[in-house]
Colleague: 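Have a look at this one.
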Amino acid sequence: MAIVTDFQKVYRHKQVDFERKLLKELSIHNIESMIAEYFDSFLKPLSIYKQTISDMCLDYAIESYLLGASYGRLGYYDGESAKSAFKKSSSRFKTLLDDLYDFWMFGFHADDLMYESLYMACEGFMYYWWTDGFEQTVRRYRLRLH
């Protein structure tokens, strides 16, 4: 008798295992310091919601990190640069970016300049973590830690 395997279950199990290994190397302290670096000026007017906003930014940083990590395999096996891999993930990245920006917009009633600078801060923050995830995965593959 043959064993019937559900390949989606196997794929999902491998993906969860891969993400778990990557998340062990991610530091919450680093994410919090980057949140302060990118969003400190925007957090001041919303100081009563600081913990909620920080937690949401932390979640989106992790999602962006894992998204970049999922494209890191292309960087190692196909030799693609981070830019070309980023272009392939741009629609998923844009969805995450827009969600984070919309979350931030919930608390603001400001002028267009503030909206633009907030969007640029969200974009820089998310791209930083996407790149970090991509580079970390390429490094893991080079060291054969996958």
Side-chain angles (χ1 to χ4, degrees), residues 6-143 145-146:
D6 183 4
F7 289 109
Q8 289 194 351
K9 277 186 180 178
V10 172
Y11 173 76
R12 183 66 186 140
H13 177 70
K14 287 177 97 175
Q15 183 181 11
V16 167
D17 187 46
F18 175 71
E19 289 176 358
R20 189 176 295 129
K21 288 176 185 177
L22 275 171
L23 290 175
K24 285 180 183 178
E25 299 173 4
L26 190 60
S27 168
I28 301 289
H29 179 69
N30 288 347
I31 296 174
E32 288 174 347
S33 67
M34 294 306 291
I35 290 170
E37 183 177 322
Y38 278 93
F39 299 115
D40 197 34
S41 62
F42 300 107
L43 281 171
K44 287 185 192 326
L46 303 172
S47 61
I48 57 173
Y49 303 114
K50 183 177 182 174
Q51 188 60 46
T52 304
I53 293 171
S54 294
D55 290 346
M56 186 61 75
C57 289
L58 180 92
D59 289 344
Y60 278 99
I62 291 171
E63 287 297 321
S64 184
Y65 179 83
L66 291 175
L67 178 62
S70 68
Y71 284 86
R73 183 180 173 129
L74 296 174
Y76 179 73
Y77 285 113
D78 298 342
E80 286 194 31
S81 67
K83 279 187 177 184
S84 67
F86 180 73
K87 287 179 185 176
K88 290 181 179 182
S89 73
S90 64
S91 65
R92 291 174 62 192
F93 180 82
K94 179 86 166 109
T95 302
L96 286 174
L97 175 62
D98 290 343
D99 286 349
L100 177 62
Y101 179 68
D102 288 343
F103 176 78
W104 271 98
M105 293 315 311
F106 180 72
F108 281 108
H109 301 289
D111 59 0
D112 291 338
L113 184 60
M114 177 118 176
Y115 290 152
E116 187 177 331
S117 61
L118 178 60
Y119 187 81
M120 289 173 39
C122 289
E123 188 174 35
F125 178 75
M126 296 290 284
Y127 185 71
Y128 174 84
W129 289 109
W130 186 95
T131 306
D132 193 45
F134 180 85
E135 291 171 354
Q136 188 67 21
T137 301
V138 171
R139 196 173 313 125
R140 286 184 62 80
Y141 275 109
R142 284 188 183 138
L143 295 173
L145 296 173
H146 57 287

Colleague: Of the options F134, W130, Y71, which is the one that meets F86 in a side chain to side chain contact (heavy atoms under 4.5 Å, CB included)?
Modeller: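 Checked F134, W130, Y71 against F86; only one passes side chain to side chain contact (heavy atoms under 4.5 Å, CB included): W130.
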Colleague: Grab the two heavy atoms, one from I31 and one from A61, that are nearest each other, plus how far apart they are.
Modeller: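 Looking at all heavy atoms of both residues, the shortest contact is CG2-CB, 3.8 Å.
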Colleague: Of all the heavy-atom pairs spanning M126 and S64, show the shortest one and how long it is.
Modeller: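 For M126 versus S64, the nearest heavy atoms are O-OG, 2.6 Å.
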Colleague: Which residues pass the side chain to side chain contact (heavy atoms under 4.5 Å, CB included) test with E19, not counting sequence neighbours?
Modeller: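 Applying side chain to side chain contact (heavy atoms under 4.5 Å, CB included) to E19 gives Q15, L66.
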Colleague: I need the M120 CE to Y101 OH distance, nearest 0.5 Å.
Modeller: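 Interatomic distance, M120 CE to Y101 OH, rounded to 0.5 Å: 11.5 Å.
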Colleague: Under the side chain to side chain contact (heavy atoms under 4.5 Å, CB included) rule, what do I53 and I35 come out as? Steps first, then yes or no, please.
Modeller: CA-CA 10 Å; I53 293 171; I35 290 170; over 6 Å; no
Colleague: Roughly how far, to the nearest 0.5 Å, is the CG atom of L74 from the OG atom of S89?
Modeller: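 Answer rounded to 0.5 Å: 9.5 Å.
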Colleague: Tell me the closest heavy-atom pair linking S33 and N30, and the distance in Å.
Modeller: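 Shortest heavy-atom contact: OG-O, 2.8 Å.
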Colleague: Looking at every non-hydrogen atom in both residues, tell me the closest pair between L67 and R92 and how far apart they are.
Modeller: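 Taking L67 first and R92 second, the nearest heavy atoms are CD1-CZ, 3.4 Å.
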Colleague: Indicate the ring-plane relationship of F125 and W129, choosing parallel, tilted or perpendicular according to the 30° and 60° boundaries.
Modeller: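 The arrangement is perpendicular - the two ring planes meet at more than 60°.
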Colleague: What distance separates E63 CD from T95 OG1, expressed to the nearest 0.5 Å?
Modeller: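 Result: 12.0 Å between the selected atoms.
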Colleague: Would you mind listing every side chain to side chain donor-acceptor pair (under 3.5 Å) that reaches into residues 46-57, with sequence neighbours excluded?
Modeller: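 Qualifying pairs, neighbours excluded: Q51-D55.
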Colleague: Distance from F18 atom CZ to L23 atom CG, nearest 0.5 Å?
Modeller: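 Rounded to the nearest 0.5 Å, the CZ-CG separation comes out at 10.0 Å.
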Colleague: Atom NZ of K21 and atom OG1 of T137: how far apart are they, to the nearest 0.5 Å?
Modeller: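 One gets 12.0 Å once the value is rounded to the nearest 0.5 Å.
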Colleague: Say you draw a straight line from NZ of K87 to OG of S81; how long is it, rounded to the nearest 0.5 Å?
Modeller: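 The NZ atom of K87 sits 8.0 Å away from the OG atom of S81.
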Colleague: I'd like to check the side chain to side chain contact (heavy atoms under 4.5 Å, CB included) partners of K94; sequence neighbours left out, ordered by chain and number.
Modeller: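 So K94 forms a side chain to side chain contact (heavy atoms under 4.5 Å, CB included) with D98, Y119.
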Colleague: Quick check on side chain to side chain contact (heavy atoms under 4.5 Å, CB included): which of L100, D102, D99 does C122 satisfy it with?
Modeller: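 The option that passes is L100.
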Colleague: Applying the ring pair (Phe, Tyr, Trp, His ring centres under 6.0 Å) test to F39, which of W104, F103, Y60 qualifies?
Modeller: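 Of the listed residues W104, F103, Y60, the ring pair (Phe, Tyr, Trp, His ring centres under 6.0 Å) partner of F39 is W104.
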Colleague: Give the ring-plane orientation class for F93 versus Y127, where under 30° counts as parallel, over 60° as perpendicular and anything between as tilted.
Modeller: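 Rings of F93 and Y127: perpendicular, as their planes differ by over 60°.
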Colleague: So which atom in A69 and which in L22 form the shortest heavy-atom distance, rounded to 0.1 Å?
Modeller: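 Of all heavy-atom pairs spanning A69 and L22, the closest is CB-CD1, 3.1 Å.
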